[in-house]
Peer 1: 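Shown below is the structure under consideration.
All values derive from a computational prediction rather than experimental measurement.
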Amino acid sequence: MARAQNAADTGAGDQTNDARAAGSAQPNAAPRPIPQLKRSTPDTKAIEKLNSWTVGLAAGQLEGAPIRFASDIARVVDDGDNLHVLPIVTRGPTENLEALLYLKGVDVAIINSDALEQFKTVVPDIQKRITYILSLFPSELHVFARPEIRSLADLKGRKVNFNTPGTTAAYSGPLIFEHMGLEVVKTFIPHQVALEQMRSGEGDMEAVVFITSKPVDAFTHGKWEGGFKFLPIPFDPAGPYLPATLSAGDYPQLIPQGEEVQTIAIPTILAAFNWPKGSDRNKRVARLTEYLFNRLDKLQGPGFHPKWKDVSLNARVPGLERLPAAQAWLDGSTASRLVAASAHDSGASGPPDAAAVPANLDKQRLYQEFLEWRRVHGK
């Protein structure tokens with residue numbers, strides 16, 4: 001041990017001597033500056049400012065689409081000490097709703113619509129405690145089956161994997177199967193393991209259920225023999241889900257060109273806790289909303305999740321009230337378009353802003369809406 005220590009000491013001494021020699025060989029070389037910490041000593045005001053404008057965003061697991069959306073939001077709205085979003089890795093979108101209700105430090109969360117429906121049974125006033133900022137993206141249901149499985153009915157009594165507990169598939173998948181009256185042998189192991197069992201034929205695994213934003217890497221990059229397929233899923237208008245399709249454009253190796261597979265999708269929502277008006281946490285969520293809405297065009301550009309292109313600020317979420325700050329922003333944006341349209345009708349010079357006025361605008365109706373908006377808002 002002493003010998004080893006001596007060797008280590010010798011090596012350290014050699015490095016020091018080499019450094020001194022280098023320094024003496026370049027007497028005029030400027031010393032490399034020592035990196036400075038952002039705050040070398042505690043600054044109470046700076047710390048308070050940082051905390052005042054930091055928003056906790058419950059996002060989900062690392063392999064899911066919600067955490068990617070949360071990361072995109074954090075990048076786009078970042079404004080130093082004036083706004084800082086912290087995406088939080090959680091057990092999944094379902095637990096995000098619980099975190100939004102009860103976890104300290106969480107102001108907003110990415111949640112699924114069917115989880116909201118389930119929580120209504122245990123939190124009757126949930127619609128008063130939670131608001132929505134915007135509808136984000138649909139998570140499509142993928143039921144991927146072995147060649148011998150030709151329809152959902154063939155899965156009855158067979159082994160089907162729903163991914164690990166906490167994922168959207170593990171929560172929503174069994175609910176959907178129960179709603180369809182389809183009894184299967186449910187397993188909750190990592191999808192990578194289940195897919196290998198399907199490929200090899202071991203373990204009697206007949207299908208896997210993914211619920212995430214398409215396309216899924218396992219199906220776009222993986223190699224699958226003929227006969228492996230996505231099963232069509234019927235749409236029930238009475239349920240909390242949306243109709244959706246999987247196409248050859250999504251999965252060219254598995255779906256023939258020009259064909260589609262019918263399925264359903266779960267709406268994914270950016271929700272906020274309904275903090276009291278004027279409170280610090282209400283103000284920080286309002287600032288996040290303003291920044292996010294103003295910079296949506298950037299999120300819909302290159303370098304961000306492609307599903308941002310499908311996000312519409314005007315999309316409503318049934319059963320929830322919109323965050324007042326979000327509604328105020330939309331009202332102001334609508335008013336701007338109305339003013340632009342009315343000015344154009346009254347002969348103002350120059351064409352209206354194409355981005356502000358839709359091509360199919362009914363200008364007379366829009367002007368009447370503007371008058372009503374101005375009356376209500378006292379403008």
Side-chain angles (χ1 to χ4, degrees), residues 38-39 42-61 66-113 115-116 119-120 122-136 267-296 299 311 313 315-317 319-333:
K38 188 175 182 181
R39 297 188 180 91
D43 183 331
T44 302
K45 290 185 178 180
I47 292 174
E48 288 179 354
K49 182 178 181 181
L50 178 62
N51 281 275
S52 296
W53 298 110
T54 294
V55 176
L57 169 52
Q61 297 188 335
I67 193 72
R68 170 77 182 277
F69 268 73
S71 178
D72 288 347
I73 291 171
R75 287 169 55 197
V76 164
V77 305
D78 181 72
D79 191 20
D81 290 349
N82 296 316
L83 185 63
H84 181 207
V85 172
L86 290 176
I88 302 170
V89 176
T90 68
R91 298 186 183 95
T94 302
E95 278 70 16
N96 287 350
L97 183 50
E98 186 175 31
L100 186 58
L101 286 169
Y102 307 118
L103 190 62
K104 293 181 179 179
V106 174
D107 301 286
V108 292
I110 297 176
I111 65 175
N112 291 336
S113 62
L116 183 64
F119 263 79
K120 288 179 181 178
V122 293
V123 187
D125 65 340
I126 192 170
Q127 291 162 298
K128 296 180 180 179
R129 300 173 65 180
I130 290 177
T131 62
Y132 76 95
I133 297 175
L134 79 165
S135 180
L136 282 176
T268 306
I269 305 161
L270 181 65
F273 192 82
N274 192 18
W275 297 110
K277 184 178 180 180
S279 65
D280 287 342
R281 299 186 79 164
N282 173 270
K283 291 177 182 177
R284 71 180 73 168
V285 174
R287 180 172 292 185
L288 163 65
T289 302
E290 178 188 358
Y291 281 30
L292 178 60
F293 282 21
N294 284 335
R295 301 172 188 182
L296 180 63
L299 284 165
V311 171
L313 295 180
R316 296 185 179 275
V317 175
L320 276 184
E321 293 292 328
R322 197 188 297 269
L323 180 77
Q327 189 60 55
W329 190 97
L330 291 172
D331 290 343
S333 176

Peer 1: Counting distance only, does the side-chain N/O of Ser333 pair as donor-acceptor with the main-chain N or O of Trp329 below 3.5 Å?
Peer 2: no

Peer 1: Within the 4.5 Å heavy-atom criterion, are Leu299 and Val311 side-chain neighbours or not?
Peer 2: no

Peer 1: Report the distance from atom CG of Leu103 to atom CG of Leu97, rounding to the nearest 0.5 Å.
Peer 2: 12.5 Å

Peer 1: Counting only heavy atoms not in Arg316, do more than 12 fall under 6.0 Å of its CZ?
Peer 2: no

Peer 1: Give the minimum heavy-atom separation between Ala109 and Asn96, together with the two atoms involved.
Peer 2: CB-O, 3.7 Å

Peer 1: CD1/Ile110 to CG/Leu100 distance, rounded to the nearest 0.5 angstrom?
Peer 2: 11.5 Å

Peer 1: If you look at every heavy atom in Arg284 and Thr54, which pair is closest and at what distance?
Peer 2: NH1-O, 3.0 Å

Peer 1: With respect to Thr289, which candidate in Val108, Ile133, Leu134 satisfies the side chain to side chain contact (heavy atoms under 4.5 Å, CB included) definition?
Peer 2: Ile133

Peer 1: Report yes if some heavy atom in the side chain of Leu292 is under 4.5 Å from a heavy atom in the side chain of Leu270; otherwise report no.
Peer 2: yes

Peer 1: Looking only at heavy atoms, which two atoms of Arg91 and Gln61 are closest? And how far apart?
Peer 2: O-NE2, 3.0 Å

Peer 1: What heavy-atom pair brings Ala315 and Tyr132 nearest, and what distance separates the two atoms?
Peer 2: O-CE1, 3.9 Å

Peer 1: Let me confirm one number: the CG-CD1 distance from Leu136 to Ile73, rounded to the nearest 0.5 Å.
Peer 2: 6.0 Å

Peer 1: Could you measure the distance from the CG atom of Leu288 to the CG atom of Asp79? Nearest 0.5 Å is fine.
Peer 2: 12.0 Å

Peer 1: Which heavy atom of Ala99 sits nearest a heavy atom of Val106, and at what distance?
Peer 2: O-CB, 3.8 Å

Peer 1: Do Asn274 and Glu321 come close enough that some side-chain heavy atom pair is under 4.5 Å?
Peer 2: no

Peer 1: Mind checking the CD-CH2 spacing from Glu48 to Trp53? Nearest 0.5 Å is all I need.
Peer 2: 13.5 Å

Peer 1: Taking C-beta and beyond as the side chain, do Asp78 and His84 meet within less than 4.5 Å on heavy atoms?
Peer 2: yes

Peer 1: Taking the side chain as every heavy atom from C-beta outward, state whether Phe273 and Arg281 have any pair of such atoms under 4.5 Å apart.
Peer 2: no

Peer 1: Distance check, rounded to the nearest 0.5 Å: Leu57 atom CG versus Leu86 atom CG?
Peer 2: 9.0 Å

Peer 1: Is a side-chain donor or acceptor of Gln127 paired with a backbone partner of Leu320 at a separation under 3.5 angstrom?
Peer 2: no

Peer 1: So for atom CD, which belongs to Gln327, do other residues, nucleotides or ligands contribute more than 12 heavy atoms lying within a distance under 6.0 Å?
Peer 2: yes

Peer 1: Identify the two heavy atoms, one from Leu83 and one from Tyr291, that lie closest to each other, and give their separation to 0.1 Å.
Peer 2: CD2-CD2, 3.5 Å

Peer 1: Taking the side chain as C-beta and beyond, is there a heavy-atom pair between Ile130 and Phe119 under 4.5 Å?
Peer 2: no

Peer 1: Contact between Val55 and Arg287 at the side-chain level, heavy atoms closer than 4.5 Å - yes or no?
Peer 2: no

